[in-house]
Amino acid sequence: MRTKKKRVAALDRRKQILAVARRLFAHQGFRATTTREIAEKAGMNEAILFRHFHKKEDLYWAVIDELSRSLNSRQELQSVIIGRELKSGTGPEDDEEFFASVAQGMLDRSRREPDLGRLLFFSALERHSLSGRFFRTYIVVYWDLLAKYIRRRMRAGDFRSFNPVLAARSFIGMVGHYILMQGLFEARKYQDYDDRLVCRTLARIWLGGMLAKGRAPRRKT
């Protein structure tokens, strides 16, 4: 019984450390935040903190990793792709719906965990090695998953022939730029748009350059 209680207490301490570290790292960055400050805010000494995380880098990565896993971005994209490919007789209008849903997923995840973007920008601006680790672990696999779908559509003759990875990055970049402007730079205070309008507009613009000749959707006048 005592062993079980110790394990529960250890898990609680770990969660407490991660919660405090997340808040401080997201607002101060990696370099400006010390393990002593994290320990003090968490109501413990550094010795206890180092039992759970041997280095500050380990703690920073644990915060990023936990946030990234909670978002399940790759799994969500995989589900959207599977749903799209299971449809029969799909056309350009369905393409617009598909890419709009991908964009909506990105918007939703950015709102669920706004700290993740700040953490990643801090790590990149501070030229921390963990930004590269995050990029390889999460961003590249997301790009590749969407690129594989786009490649299949190119081979089927539905999309024009481009580099599929660059095509995937261009769409994700459009949505990412909107998220960056609305969130980090608070552009929503000046121009705030309905999500559906944003997602469908970006999907329509991207598809305008990607759909093969004769595949453009008919618009009602």
Side-chain angles (χ1 to χ4, degrees), residues 11 14-15 18-19 21-23 25-26 53 58-88 90 93-124 129-156 158-159 162-180 182-184 194-196 198-204 206-207 210:
L11 287 173
R14 180 184 172 85
K15 289 179 181 178
L18 286 171
R22 168 181 169 172
R23 185 171 66 251
F25 282 141
F53 304 97
D58 296 338
L59 176 53
Y60 198 80
W61 175 253
V63 171
I64 292 176
D65 189 51
E66 182 181 62
L67 285 172
S68 300
R69 289 178 182 276
S70 70
L71 291 174
N72 293 319
S73 56
R74 187 178 186 279
Q75 292 85 346
E76 286 186 13
L77 177 59
Q78 183 71 67
S79 296
V80 174
I81 290 174
I82 291 172
R84 173 69 175 87
E85 293 184 331
L86 286 176
K87 285 186 177 181
S88 59
T90 53
E93 291 80 6
D94 301 291
D95 285 322
E96 184 178 304
E97 180 182 347
F98 169 78
F99 281 97
S101 66
V102 173
Q104 185 65 64
M106 292 176 64
L107 286 175
D108 291 342
R109 288 190 295 274
S110 71
R111 288 177 183 140
R112 288 205 305 269
E113 297 293 359
D115 284 345
L116 182 58
R118 295 182 61 87
L119 288 164
L120 297 176
F121 276 110
F122 267 124
S123 64
S129 60
L130 291 181
S131 64
R133 183 178 176 184
F134 171 82
F135 184 83
R136 294 189 301 272
T137 306
Y138 293 106
I139 299 296
V140 171
V141 294
Y142 191 85
W143 282 354
D144 286 347
L145 185 59
L146 186 58
K148 286 178 182 177
Y149 169 78
I150 292 171
R151 184 182 291 111
R152 290 195 293 272
R153 299 298 305 281
M154 288 178 179
R155 288 174 177 171
D158 299 323
F159 288 169
F162 293 111
N163 182 302
V165 175
L166 290 178
R169 287 179 62 175
S170 67
F171 181 73
I172 293 170
M174 291 169 66
V175 184
H177 180 269
Y178 177 80
I179 291 171
L180 176 64
Q182 297 298 100
L184 195 60
D194 176 74
D195 279 1
R196 182 178 174 83
V198 171
C199 295
R200 289 204 171 271
T201 298
L202 295 181
R204 198 172 297 168
W206 186 83
L207 287 167
M210 288 298 301

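- Heavy atoms only, all atoms of each residue included: Cys199 and Ala100 are closest at CB-O, 3.5 Å.
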Q) Does the pair Phe121 and Leu180 meet the rule for a side chain to side chain contact (heavy atoms under 4.5 Å, CB included), with working shown? A) CA-CA 10 Å; Phe121 276 110; Leu180 176 64; 3.4 Å; yes
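- Taking 4.5 Å as the limit, every side-chain heavy atom of Leu207 sits out of range of all side-chain heavy atoms of Arg204.
- Residues Ile179 and Val175 are in side-chain contact: their nearest non-hydrogen atoms beyond the backbone lie under 4.5 Å apart.
- Note that CG of Leu120 is 10.5 Å distant from OH of Tyr138, once rounded to the nearest 0.5 Å.
- Side chains of Phe53 and Leu18 form a contact here, defined as non-hydrogen atoms less than 4.5 Å apart.
- Annotation: side chain of Arg84 is not in contact with side chain of Val102 (no heavy-atom distance under 4.5 Å).
- Between the side chain of Ser68 and the backbone N or O of Asp65, no donor-acceptor pair lies under 3.5 Å.
- Around atom CZ of Arg112, more than 12 heavy atoms belonging to other residues, nucleotides or ligands sit under 6.0 Å away.
- With a 4.5 Å cut-off on side-chain heavy atoms, Arg153 and Asp95 count as touching.
- By the neighbour-count criterion of 12 heavy atoms within 6.0 Å, atom CZ of Arg111 is densely surrounded, having more than that number from other residues, nucleotides or ligands.
- Atom CE of Met154 sits about 3.5 Å away from atom CE of Met210, to the nearest 0.5 Å.
- Using a 4.0 Å cut-off between charged side-chain N and carboxylate O, Arg22 and Glu113 make a salt bridge.
- A distance of 13.0 Å separates CD1 of Ile139 from CZ of Arg74, quoted to the nearest 0.5 Å.
- Atom CZ in Phe99 sits 3.5 Å away from atom CH2 in Trp206 (nearest 0.5 Å).
- Ala147 and Ala168 make their closest contact through N-CB, 3.8 Å (heavy atoms, listed as atom of the first residue, atom of the second, distance).
- Here the side chain of Tyr60 pairs a donor or acceptor atom with the backbone of Leu119 at under 3.5 angstrom.
- Ala26 approaches Arg118 most closely through the heavy-atom pair O-NE, 2.7 Å.
- Between Val80 and Glu76, every side-chain heavy-atom pair lies at or beyond the 4.5 Å cut-off.
- For the atom pair Ser101 OG and Arg200 CZ, the distance stands at 9.0 Å (nearest 0.5 Å).
- The pair Asp158-Arg152 fails the salt-bridge criterion, with no side-chain N (NZ, NE, NH1 or NH2) lying under 4.0 Å from an Asp/Glu carboxylate O.
- With values rounded to the nearest 0.5 angstrom, Leu145 atom CG is found 4.0 Å from Ile81 atom CD1.
- For the pair Glu96 and Ala203, the tightest heavy-atom approach, listed with the atom from each and the gap, is O-CB, 3.8 Å.
- The closest donor-acceptor contact from the side chain of Asn72 to the backbone of Gln75 lies at 3.5 Å or more, if one exists at all.
- Remark: aromatic rings of Phe25 and Phe122 are distant, center separation not under 6.0 Å.
- Annotation: side chain of Ile150 is not in contact with side chain of Phe171 (no heavy-atom distance under 4.5 Å).
- Phe135 has its ring centre less than 6.0 Å from the ring centre of Trp143.
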